[in-house]
Asks: 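Once you've had a glance at the structure underneath, I'll fire off some questions.
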Amino acid sequence: MKLAFMLQINIIRQDIDSVKERLKIKNFQHIELVDRVVSLDDERKTLQFESETLQASVNTQSKSIGQFIAKGLKEEAEQAKKIVAANKSRIGELQQRLSETEAQLHQELVKLPNLPSTKVPAGTSPEDNIVEREGGIKPNLPQGALPHWDLIKKYDIIDFETGAKITGSGFPLYKGQGARLQRALVQYFLNYNIAAGYTEYLPPFMVNESSAYGTGQLPDKEGQMYYMPADNFYLIPTSEVPVTNIYRDEIIKEESLPVKMTAYSPCFRREAGSFGKDVRGLNRVHQFEKVEIVQLTHPEKSYDALEEMVNHVERLLGTLQLPYRILKLCGGDMSFTSALTYDFEVYSAAQQRWLEVSSVSNFEAYQANRAKIRYKDGNGKNQLLHTLNGSSLALPRIVACLLENNQQTDHILLPGVLHGYFGSDRIV
RNA sequence: GGUGAGGUGGAUGAGUGGCUGAAAUCAACAGUUUGCUAAACUGUCGUACGGGUUAAACUGUACCGCGGGUUCGAAUCCCGCCCUCACCGCCA
């Protein structure tokens, strides 16, 4: 971690003004951090230079002490020891200040979010997102159509009340056909990703602090993750965290790129402070199932990979026959770590609103810098690669839409691709 | 949870206080040889942060799991922690 942040400061120093400009596009509120970070880095360099120069002379002296002793020149040895002792106390002070400065620099640096790509539109709220395209057909629901929170009761497939009894609100208890539908969707999504060349992983569902820093959840999302103090572990908010960290501190052969990985995991999110119909039913829960795709790519190929991933998710949504739209997020709505993000939303016909079901992002070198994920280039130099990820897909809102959009008077029809996995063409 | 062994460069693996940023072997890369492949031979071959340079060259410091300590000097000695492996206990 100590080494990695050094790389980022050099990128900032190359063009301080443009860094500030791009942070403004991201609606970042503390632009002054950039200047602070640069001046801390100046201080660091000065201290380091002075301390290392002194250390070099100490090292030379120490060698000569060894030689004096070997030749039996006691007087000279004692003399040299005195000089060394004087220098060492000075080095001690410098080192002290240096490590304080480094700690401050690191502390400030990790507060800086990723820079948005030049393709990102300015904006501060979801209204400023740009609709790239829409697909699928919105259904005309019959009179008396029910929202999913009523449908799940009607068919007895998800029990929020008992989930709340067992754990708390936002922890759904899936039952019978509801549980089976979860399993069917996970299976289908994984197989779909594997067919596109992704390697399947089943990762740990808790991560340590280094992993959480590596992908940028810390320090930004501290408090949004469930934390286990006894072991200093975090429950994962997405399998992006463990999966990307598979390659933390690794150097990958260039010819092995891109690395394509997929994983199912439950996701745990505290999501404090929301209420009302935004969080009703499956719209927002503390634990949910998700299948994720992650790519590690050559820096020059990452935007091609992003497009490929967007198309991949779009086709997947198409097979579910749900009406969807793709948004390019504006600077202010993007995550801390992202350089460019496309959100996928499906249309929830009974609620008559769009629900986010996937978010596909290019992090460029931001995560790679933190997690020290590199490849060796043609000149034998280690270079940061680019990381990307996306949901394919998050289950709850998909389920909400499947239920609402396909409801009939006494059953719910499922799309054809799920029949085999679910073992039936309908929920009854 | 208990006991024991161990963590050294891409890999294997030497190294118990200065001549060790680290032997040797393998892998990798470059070259020579070779009809091709193979083999043989020669050379290169860790990382990070500084100084220096148009860029190099060159040069300083640190790093042998992590963090402290002893010493003029630590991979090597001491303390704490983490991890891995083995066996035992418990257990899905």
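Convention: sequence-line order gives letters A, B, ...; per-chain numbering from 1. From a predicted model like this one, the values you see are computed outputs, not experimental measurements.
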Asks: The side chain of A:N10 lies closest to which of these nucleotides: B:rG50, B:rU47, B:rC72?
Replies: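 The nucleotide sitting nearest to the side chain is B:rG50.
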Asks: Roughly how many Å apart are B:rU70 and B:rC78, using the P atom of each and rounding to a whole number?
Replies: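 To the nearest whole Å, 15 Å.
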Asks: Is the closest basic N to carboxylate O distance between A:K290 and A:E240 below 4.0 Å?
Replies: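 Answer for the salt bridge query: no.
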Asks: What integer distance in Å separates A:E102:CD from B:rU61:C1'?
Replies: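 Going from A:E102 (CD) to B:rU61 (C1'), I get 12 Å.
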Asks: Say you pick atom P in B:rA24 and the same atom in B:rA14; how far apart are they, in whole Å?
Replies: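 Rounded to whole Å, the distance is 15 Å.
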Asks: May I have the distance from A:N369 (atom CG) to B:rC49 (atom P), rounded to whole angstrom?
Replies: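 These atoms are roughly 10 Å apart.
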Asks: Round to a whole Å and report the spacing from CD of A:Q48 to P of B:rA62.
Replies: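 Distance, rounded to whole Å: 11 Å.
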Asks: Calculate the interatomic distance between A:R44 atom CZ and B:rC49 atom P; express it in whole Å.
Replies: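 Distance check: A:R44 CZ to B:rC49 P gives 8 Å.
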Asks: Could you pick out which residue, A:K376 or A:T53, lies toward the 5' side of RNA chain B when each is mapped onto its nearest nucleotide?
Replies: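 Its nearest nucleotide being more 5', the pick is A:K376.
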Asks: Answer yes or no: does a side-chain N or O of A:Q55 lie under 4.0 Å from OP1 or OP2 of B:rA62?
Replies: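 Yes.
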Asks: Do A:R97 and A:E43 meet the salt-bridge criterion of a basic N to acidic O distance under 4.0 Å?
Replies: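 The answer is no: the pair does not qualify as a salt bridge.
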Asks: If you measure only the distance, is there a donor-acceptor pair under 3.5 Å linking the side chains of A:Q367 and A:N389?
Replies: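 Side-chain D/A pair, A:Q367 to A:N389: absent.
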Asks: How far does the P atom of B:rC66 sit from the matching atom of B:rC82, given to the nearest Å?
Replies: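 Straight-line distance between the two P atoms is 15 Å.
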Asks: Tell me which of A:F49 and A:G66 sits closer to the 5' end of RNA chain B, going by the nucleotide each one is nearest to.
Replies: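 First, find each residue's nearest nucleotide; the 5'-ward one identifies A:G66.
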Asks: Using the C1' atom in both, what is the distance from B:rG52 to B:rU61, to the nearest Å?
Replies: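 Looking at atom C1' only, B:rG52 and B:rU61 are 15 Å apart.
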Asks: Rounded to the Å, how far apart are A:N87 CG and B:rG73 C1'?
Replies: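 So the two atoms are 15 Å apart, to the nearest Å.
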Asks: Taking atom C1' in both B:rU59 and B:rA23, what distance in whole Å separates the two?
Replies: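 After rounding to an integer number of Å, I get 26 Å for this pair.
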Asks: In whole Å, what separates the P atom of B:rA75 from that of B:rG17?
Replies: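 Each nucleotide's P atom is 13 Å from the other's.
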Asks: Does any nucleotide pair with B:rU54 by Watson-Crick or G-U wobble geometry, both distances under 3.5 Å, and what is it?
Replies: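 Base partner found: none.
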Asks: Is A:D410 salt-bridged to A:R426, cutoff N-O under 4.0 Å?
Replies: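 Not counted as a salt bridge, because no side-chain N and carboxylate O are separated by less than 4.0 Å.
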Asks: Need the pair for B:rA48. Rule: Watson-Crick or G-U wobble, both distances under 3.5 Å, any strand; none if unpaired.
Replies: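 Partner of B:rA48: B:rU61.
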Asks: Would you mind pulling out the nucleotide paired to B:rU76, Watson-Crick or G-U wobble, both distances under 3.5 Å?
Replies: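 When the pairing criteria are applied, nothing turns out to pair with B:rU76, so the answer is none.
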Asks: Any base atoms under 4.0 Å from A:K45, or only sugar-phosphate, or nothing? Heavy atoms, all strands.
Replies: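 Contact class for A:K45: sugar-phosphate only.
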Asks: Can you measure A:D41 atom CG to B:rA48 atom P for me and round it to whole angstrom units?
Replies: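 Rounding to the nearest Å, CG of A:D41 and P of B:rA48 are 17 Å apart.
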Asks: Measure CG/A:N59 against C1'/B:rU59 and give the value in whole Å, please.
Replies: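 Rounded to whole Å, this separation is 14 Å.
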Asks: Pick base, sugar-phosphate or nothing for A:K253, based on heavy-atom distances below 4.0 Å to the nucleic acid.
Replies: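 The residue A:K253 makes no contact with any strand.
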Asks: In the structure I gave you, are the side-chain heavy atoms of A:P415 and A:N406 within less than 4.5 Å of one another anywhere?
Replies: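 SC-SC contact between A:P415 and A:N406 confirmed.
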Asks: Considering every strand shown, what is the Watson-Crick or G-U wobble mate of B:rA38 when both distances are under 3.5 Å?
Replies: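 Here B:rA38 is not engaged in any pair, so there is no nucleotide opposite it.
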Asks: Regarding A:Q61, tell me which of base, sugar-phosphate or nothing describes its non-hydrogen contacts under 4.0 Å with the strands shown.
Replies: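 No contact.
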Asks: Are A:L282 and A:L355 packed together at the side-chain level, in the sense that at least one heavy-atom pair is separated by less than 4.5 angstrom?
Replies: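 When only atoms from C-beta onward are counted, A:L355 and A:L282 do not touch, as no gap falls below 4.5 Å.
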Asks: Checking base pairs now: Watson-Crick or wobble, both atom distances under 3.5 Å. What partners B:rG10?
Replies: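 Check on B:rG10: paired to B:rC26, both distances under 3.5 Å.
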Asks: Anything under 30° is parallel, anything over 60° is perpendicular, the rest tilted; go ahead and classify A:F336 against A:Y366.
Replies: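 Perpendicular.
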Asks: Consider the side chain of A:N382, meaning its heavy atoms from C-beta on, and name the nucleotide among B:rG18, B:rU61, B:rU47 that approaches it most closely.
Replies: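 My answer, after comparing the listed nucleotides, is B:rU47.
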Asks: So, does A:K372 get its side chain near the phosphate of B:rA48, meaning an N or O under 4.0 Å from OP1 or OP2?
Replies: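 Looking at the OP1 and OP2 atoms of B:rA48, neither is under 4.0 Å from any side-chain N or O of A:K372.
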Asks: Quote, to the nearest angstrom, the P distance that separates B:rG15 from B:rG7.
Replies: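 These two P atoms come out 11 Å apart once rounded.
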Asks: Under 4.0 Å, heavy atoms only, any strand: does A:A56 hit a base, just the sugar-phosphate, or nothing?
Replies: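 Sugar-phosphate only.
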Asks: Measuring from the side chain of A:R374 (C-beta onward, heavy atoms only), which nucleotide among B:rG50, B:rU47, B:rC72 has the closest atom?
Replies: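 Within the option list, the nearest is B:rU47.
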Asks: For B:rC85, which nucleotide is its Watson-Crick or G-U wobble mate, given both distances must be under 3.5 Å?
Replies: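 Across any shown strand, B:rC85 pairs with B:rG4.
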Asks: Rounded to the Å, how far apart are A:F233 CZ and B:rC82 P?
Replies: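 A:F233 atom CZ is separated from B:rC82 atom P by 11 Å.
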Asks: Can you tell me how far C1' in B:rG9 sits from the matching atom in B:rG21, rounded to whole Å?
Replies: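 To the nearest whole Å, 9 Å.
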